[in-house]
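Presented below is the structure to which this report refers.
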Amino acid sequence: MQHLLRISWIPLLIALFVNPGHAADPSPQKPASLDIEFTARCDQTTQRYVLLLPERFSPEKPHSLLIALHGHGSDRWQFVKDPRGECRAARDIARKYNLIYVSPDYRARTSWMGPQAEADLQQIIEDLKSKYQIDQVFLCGGSMGGSSSLTFAALHPELIDGVAAMNPTANHLEYNNFQPAIQASFGGTKQQIPEEFKKRSAEYWPEKLTMPLSISVGGKDTSVPPDSARRLINILKQLNREVLLIDRPHEGHKTSYDDSRAILEFIIQQAKSKKEKPAQ
């Protein structure tokens, strides 16, 4: 009798699993990355960026935006897929704060934020603001991407609410590595167009960096030496800016996951406080 009762439950159990009216709610899916293609207004070329909408995205509500700029030799997928600490931290911060997350090519592997990359990023921000309710815009990146974040923020402070730069240079006039790529991007050598190299060196324009800004450097970094970034932070401190420097004297050209999260947390929290602070 007990055997027959157990068998009689089998059709009911099957029905419970098969019938969608009784099925358990599926676990939320990770947002899919969208590979966006657009025509650059500055030269009509086809360019790309990756877009990830947050899990709790709502088109009726404002969302802040985190733009992540890849390093030299990489492309738009680095900050979307790479397991290294800088990239994982940016993705995790985007998830934590329900941010729209964007990783552009900005002229791909060796751009160093020259005029065309600058125009592309302006266009991307403009297009995203026309499509979504964008609250604040944060910019981050590592190495070339960190340098480019500082450059873009100094050129367009009105577009950026916070910058987190990992292992950047803030002075292109003194920086000597990767010169063929930088010259191709900027349009000439330091000797030929010094004004362009100065224009793209954040250290020369501290008064424009009014947003919260954080930098991580390694004392043994020979790929992108830390001195100009240290000087920039010191100048900004004298101007009473909201800044954070994480300086690891024994590290090289990298930023750990924890340090990357710390500098990203800093700019987001400072920007939030700045926004909520009543006008004087």
Side-chain angles (χ1 to χ4, degrees), residues 27-109 111 113 116-146 148-149 151-153 155-156 158-166 211 260-261 264-265 267-268 271:
S27 59
Q29 299 294 311
K30 285 187 176 181
S33 56
L34 303 175
D35 195 13
I36 307 297
E37 181 180 291
F38 68 99
T39 301
R41 286 196 296 260
C42 67
D43 62 1
Q44 302 305 303
T45 58
T46 298
Q47 301 297 326
R48 292 181 179 275
Y49 64 90
V50 181
L51 169 70
L52 284 89
L53 296 176
E55 292 178 14
R56 301 185 304 281
F57 174 74
S58 171
E60 286 78 36
K61 295 180 180 179
H63 293 268
S64 289
L65 167 66
L66 176 59
I67 301 172
L69 302 181
H70 63 80
H72 183 95
S74 210
D75 64 12
R76 64 192 181 279
W77 292 106
Q78 183 185 41
F79 268 82
V80 178
K81 296 181 177 181
D82 200 305
R84 64 188 295 150
E86 298 97 323
C87 304
R88 284 195 299 114
R91 296 192 296 266
D92 287 351
I93 287 292
R95 279 192 289 269
K96 176 179 177 179
Y97 289 97
N98 211 36
L99 307 176
I100 295 173
Y101 187 63
V102 165
S103 182
D105 266 344
Y106 72 109
R107 301 293 160 143
R109 300 186 180 277
S111 84
M113 198 52 71
Q116 293 172 327
E118 175 194 349
D120 287 353
L121 191 49
Q122 284 181 272
Q123 184 176 341
I124 289 169
I125 294 172
E126 180 182 318
D127 290 348
L128 290 170
K129 284 184 172 180
S130 70
K131 188 172 183 180
Y132 304 110
Q133 295 188 51
I134 302 296
D135 185 10
Q136 294 181 305
V137 179
F138 302 108
L139 192 56
C140 74
S143 189
M144 179 182 84
S148 297
S149 295
T151 294
F152 189 85
L155 291 170
H156 301 283
E158 75 285 355
L159 297 179
I160 303 300
D161 296 287
V163 180
M166 307 152 193
M211 71 293 292
S260 299
R261 277 199 70 132
L264 285 159
E265 287 274 6
I267 63 168
I268 291 172

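Taking a cutoff of 4.0 Å between a charged side-chain nitrogen and a carboxylate oxygen, K61 and D135 do not qualify as a salt bridge.
When the salt bridge (Lys or Arg N to Asp or Glu O under 4.0 Å) test is applied to E37, the partners found at least two apart in sequence or on another chain are R48. Contacts of E265 classified as salt bridge (Lys or Arg N to Asp or Glu O under 4.0 Å), with partners at least two apart in sequence or in another chain: K96, R261. By the salt bridge (Lys or Arg N to Asp or Glu O under 4.0 Å) test, R56 is found to be paired with no residue, residues two or more places apart in sequence or in another chain being considered. Listed by chain and number, the residues in a side chain to side chain contact (heavy atoms under 4.5 Å, CB included) with A68 are F79, Y101, C140 (sequence neighbours excluded). Here F38 pairs with Y49 under the ring pair (Phe, Tyr, Trp, His ring centres under 6.0 Å) rule; sequence neighbours left out. Partners of A271 by side chain to side chain contact (heavy atoms under 4.5 Å, CB included), not counting sequence neighbours, listed by chain and number: Q136, F138, P212. Residues that satisfy the ring pair (Phe, Tyr, Trp, His ring centres under 6.0 Å) test with F152, not counting sequence neighbours, are H156. By the side chain to side chain donor-acceptor pair (under 3.5 Å) test, R88 pairs with no residue at all, sequence neighbours left out. For Y132, the ring pair (Phe, Tyr, Trp, His ring centres under 6.0 Å) test picks out F57, with sequence neighbours left out. When the ring pair (Phe, Tyr, Trp, His ring centres under 6.0 Å) test is applied to Y106, the partners found at least two apart in sequence or on another chain are H70.
Checking side-chain atoms of Q78 against main-chain N and O of G71 turns up a donor-acceptor pair under 3.5 Å.
For the salt bridge (Lys or Arg N to Asp or Glu O under 4.0 Å) condition, the pairs that include at least one residue of residues 123-132, sequence neighbours left out, are R41-E126. The salt bridge (Lys or Arg N to Asp or Glu O under 4.0 Å) analysis of residues 63-79, with sequence neighbours excluded, yields the pairs D35-R76, D75-R109, R76-D105.
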